[in-house]
Number of protein chains: 2
Amino acid sequence: MMGSIGAEMQDEILRKADVMAEACPSRQILNHVTSRWGMLVLLALLGGTQRFSALKRRIGGVSERMLAQTLQLLEADGLVHRHAHDVVPPHVDYTLTAPGRELAEKVVGLTGWIEANLPRLTPAAA
Amino acid sequence: MMGSIGAEMQDEILRKADVMAEACPSRQILNHVTSRWGMLVLLALLGGTQRFSALKRRIGGVSERMLAQTLQLLEADGLVHRHAHDVVPPHVDYTLTAPGRELAEKVVGLTGWIEANLPRLTPAAA
DNA sequence: GGAAGAACGCACGTTTTTGTAAGTATAATG
DNA sequence: CATTATACTTACAAAAACGTGCGTTCTTCC
């Protein structure tokens, strides 16, 4: 199979994970998480399992296309879990995985700080 | 002065700062901070005052144009301070402001977690 | 004395991202 | 029986982001 690299090298990469390095896989995860809707999805899901349409309503401004795409990326990264009930008017639930929840907490740290300190920064918004 | 709104309304907005709301100014700050290079710049500056070229070398993959643009946005948001010495081969220093440092710490929380937990997520990278 | 380095601004073209509109199957609602 | 709601997908197109190369203005280092 192509694309596979030695376990040792893999270990090296993971041990030295550095977002400053362009080729480090952590960069991609970071980009997914900090994508325009990534953080908001994570944040919304901290409120518990929710279905697609609920997320859409909760996150102001997302289009269905973007929400679906974002959810797929986060799912591929192992941050959110998707459970589709096999019923005919579709019913799909999204939940944070264990790692997803941990990450989401960090996200709250960031967004929370911003919300709380907006007054100190708004000169730009004025 | 145009563009000014009542102090009460301003207060309301700031008190209710909510990234989930599309029109909330916190959304813009969030977007600047989580922009492709925003977090990396903040991270790099946690290492102390640095000049443009040093930042460029440190952040893998940034182009001069993007670095300049990102720095300007963060400066406008009051997160980084720019000090240009008036000498002829240009010399400019960038430093985090007090709020900038606080925010940067939150950023470290996020990126640090990602770097440390990459092994738990990499299935996507494999 | 030619080359490199400093910190960008600018024009240009490409790449990526994002939004819009439309379509799908079917069950429940009025 | 027409509508509405669900969770998307796909095609198309506009918008935003991005990178590259060039120019600037001097000084320092081969």
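Each chain gets a letter, A, B and so on, in the order its sequence line appears, and its residues count up from 1. Atom set for the values below is all heavy atoms of this structure, side chains included, hydrogens, waters and symmetry mates excluded. Quick caveat, the model's predicted, so the values are computed rather than measured.
The distance between atom CE of A:Met66 and atom C1' of D:dA7, rounded to the nearest whole Å, is 16 Å. Distance, A:Glu22 CD to D:dC18 P: 13 Å, rounded to whole Å. One interatomic measurement links the two molecules: CD of B:Glu64 to C1' of C:dC10, which rounds to 13 Å at whole-angstrom precision. In this structure, the NE2 atom of B:His91 is 17 Å from the P atom of C:dG5, given to the nearest Å. Taking atom CG on B:Asp86 and atom C1' on C:dA6, their separation rounds to 14 Å, with Å as the unit. In this entry the distance linking CD of A:Gln69 with P of C:dT16 reads 13 Å, nearest Å. If you measure from atom CD of B:Gln28 to atom C1' of D:dA16, you get 15 Å, rounded to the nearest angstrom.
Remark: A:Glu102 CD to A:Leu79 CG distance equals 10.0 Å, nearest 0.5 Å.
Neither OP1 nor OP2 of D:dC8 sits under 4.0 Å from any side-chain N or O of A:Gln72. Residue B:Arg65 has no polar side-chain atom (N or O) positioned under 4.0 Å from OP1 or OP2 of D:dC22.
Here A:Glu22 does not pair with A:Arg27 in a salt bridge; the nearest charged N to carboxylate O distance is not below 4.0 Å.
Within a heavy-atom distance below 4.0 Å of DNA chain C, the residues of residues 33-60 of chain A found are A:Arg36, A:Trp37.
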